[in-house]
Amino acid sequence: QVQLVESGGGLVQAGGSLRLSCAASERTFARYTMGWFGQAPGKEREFVGGLSWSGGSTSYADSVKGRFTISRDNAKNMVYLQMNSLKPEDTAVYYCAARSGIIIRIDQTAYDYWGQGTQVTVSS
């Protein structure tokens with residue numbers, strides 16, 4: 001059982017940056033493929049980006065490519081989402097998720113464990 005806790009959300013002006021963190025409880029964290037998802041008000045939760053267990057492979061939604069970067073520190077059981085050049089449409093609750101498979105998947109049903117989410121609000 002992996003417990004995930006996100007932090008780092010907040011209110012930021014358009015063009016600003018935030019770094020979200022996700023702390024995992026499991027000592028075997030390094031075995032998991034990680035994903036970040038965002039849920040905007042009134043919308044479905046959507047894939048933002050994902051990272052393989054080694055950190056060597058990443059995948060991003062088209063809307064965030066070139067602006068967001070996912071990284072991980074397996075020694076610290078941490079995953080990060082660096083968000084740059086933020087836009088009002090990035091406003092959402094952001095969740096980190098873990099799956100035991102080795103493939104980065106964009107569908108949320110493929111992920112086994114979820115954090116509680118952290119709110120990101122981007123003002124114009």
Side-chain (Thr118) to main-chain (Gly9) donor-acceptor, under 3.5 angstrom: yes
Heavy-atom closest contact (Gly35 atom, Tyr111 atom, distance): N-CE2, 3.7 Å
Pairs where residues 90-119 contributes a residue and the test salt bridge (Lys or Arg N to Asp or Glu O under 4.0 Å) is met, not counting sequence neighbours: Arg67-Asp90, Arg105-Asp107
Pairs meeting criterion salt bridge (Lys or Arg N to Asp or Glu O under 4.0 Å) with involvement of residues 68-88, two or more places apart: none
Pairs meeting criterion disulfide (SG to SG under 2.5 Å) with involvement of residues 63-112, two or more places apart: Cys22-Cys96
Under 4.5 Å side-chain linkage, directly or through intermediates, the cluster mates of Ile103: Ile102
Gln3: partners by side-chain contact (heavy atoms from CB on, under 4.5 Å), with sequence neighbours left out: Ser25
Pairing residues for Ile106 by the side-chain contact (heavy atoms from CB on, under 4.5 Å) criterion, not counting sequence neighbours: Phe47
All pairs passing salt bridge (Lys or Arg N to Asp or Glu O under 4.0 Å) where residues 50-63 contributes a residue, at least two apart: Asp62-Lys65
Contact summary for Ala92 and Ala40, nearest pair of heavy atoms: CB-N, 3.7 Å
Nearest non-hydrogen partners of Tyr95 and Gly115, listed with the distance: CD2-O, 3.5 Å
Under the salt bridge (Lys or Arg N to Asp or Glu O under 4.0 Å) test, residues paired with Arg19 that sit two or more places apart: none
Any residue meeting side-chain contact (heavy atoms from CB on, under 4.5 Å) with Ser57, in chain and number order, not counting sequence neighbours: Ser52, Ile104
From Gln119 atom CD to Glu6 atom CD, the distance as rounded to the nearest 0.5 Å: 12.0 Å
Residues in salt bridge (Lys or Arg N to Asp or Glu O under 4.0 Å) contact with Lys43, at least two apart in sequence or another chain: none
Nearest heavy atoms of Ser17 and Ser85, plus distance in Å: OG-N, 4.3 Å
Residues that, via side-chain heavy atoms closer than 4.5 angstrom, fall in one hydrophobic cluster with Trp53: none
Fellow cluster residues of Val64, listed by chain then number, with links counted only when side-chain atoms sit under 4.5 Å apart: Val2, Leu4, Val12, Leu18, Leu20, Phe29, Tyr32, Met34, Trp36, Val48, Leu51, Tyr60, Phe68, Ile70, Val79, Leu81, Met83, Leu86, Tyr94, Tyr113, Val120, Val122
4.5 Å side-chain heavy-atom contact, Glu44 and Phe37: no
